[in-house]
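On a predicted model such as this, the values are computed, not experimentally measured, just so you know. We're numbering straight along the sequence, starting at 1.
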Amino acid sequence: TAVSMIQMFMVVMMMVSNIFTGYIADKKNLIIPPSLFALIGGAVSLILVSIATTPTGIVMVFGTALFGLTVPGLFTITSFLNIRHFPADKRGVMSGFCQLVSGISYFFIAGGGGLLYDHSRRSGPFLFCAGLLILASVLVWIIYQKIKTETVSSEMENKEEEPETPDVILD
């Protein structure tokens, strides 16, 4: 009963997360900060779940709530990026590719987590997934810094190419 209640609590948090992440992506035009928040929040939540001792403990409830509030936002963000930044004739291919990567990821996480659960302690799969989320957040941060650097350098090149216009036009 306790696990069922926690699972329902997580589903409610997921609904809130998806709506809130969609609002931030659409109205505030933010992509990277919510992505990093989702990845790091998911890693912290899985670490909390791994250290929980009972299903009714406050650490388990807090970890589950944090997981429900953070990780589901990644699906909203990737869907938003797919719709906004890919041409109409490529959206189907990109959606299929994203689903393929997600399916393969679930297969490896489930297989690796099951192997860890059989040959490790109970917290093994949670710590494995937390490590993958931390790795993903580091990769997103590196990509974000590279994009930011390229944007600044391209803006500087555009300023150098534009001719100076005089303040006063002489007749």
* Structure fact -> Output for pair (I19 CD1, M14 CE), nearest 0.5 Å, gives 13.5 Å

* Atom pair CD1 (I24) and CZ (F37), whose distance is rounded to the nearest 0.5 Å -> 8.5 Å

* So with a 6.0 Å cut-off around CZ of F75, is the heavy-atom count from everything else above 12? -> no

* Asked: Same cluster for L69 and I40 if Ile/Leu/Val/Met/Phe/Trp/Tyr side chains link at under 4.5 Å?
  -> no

* Structure fact -> Nearest heavy-atom contact between F126 and V49 is CE2-CG1, 3.7 Å

* Is there a chain of hydrophobic side chains (I, L, V, M, F, W, Y, each step under 4.5 Å between heavy atoms) that links I134 to V44? -> no

* Structure fact -> Heavy atoms of S17 and G68 approach each other most closely as CB-O, 3.4 Å

* Enter the distance from S45:OG to M10:CE here, rounded to the nearest 0.5 Å. => 9.5 Å

* Grab the two heavy atoms, one from P72 and one from N18, that are nearest each other, plus how far apart they are. => O-OD1, 3.0 Å

* Asked: What pair of heavy atoms forms the shortest contact from L133 to G42, and how long is it?
  -> CD1-C, 3.4 Å

* **Hydrophobic cluster membership, L30 vs L36, 4.5 Å side-chain cutoff** => no

* Structure fact -> Which of T78, I77, I143 passes side chain to side chain contact (heavy atoms under 4.5 Å, CB included) with S35? Answer is I77

* Mind checking whether V12 and V71 sit in one hydrophobic cluster, side chains of I, L, V, M, F, W, Y counted as touching below 4.5 Å? -> yes

* Return the minimal non-hydrogen interatomic distance between S50 and L127, and the atom names on each side. => OG-CD2, 3.4 Å

* Do T64 and M60 come close enough that some side-chain heavy atom pair is under 4.5 Å? -> yes

* Asked: How far does OH of Y23 sit from CG of D26, to the nearest 0.5 angstrom?
  -> 9.5 Å

* Rounded to the nearest 0.5 Å, what's the gap from CD1 on I6 to OG1 on T56? Could you check? => 7.0 Å

* To do: May I ask you to test the L48-F62 pair for a side-chain heavy-atom distance under 4.5 Å?
  => yes

* Structure fact -> Heavy atoms of C129 and L46 approach each other most closely as CB-CD1, 3.5 Å

* Does CD in Q145 sit with more than 12 non-hydrogen atoms of other residues, nucleotides or ligands closer than 6.0 Å? -> yes

* Any chain of hydrophobic side-chain contacts (each under 4.5 Å) joining L135 to W141? -> no

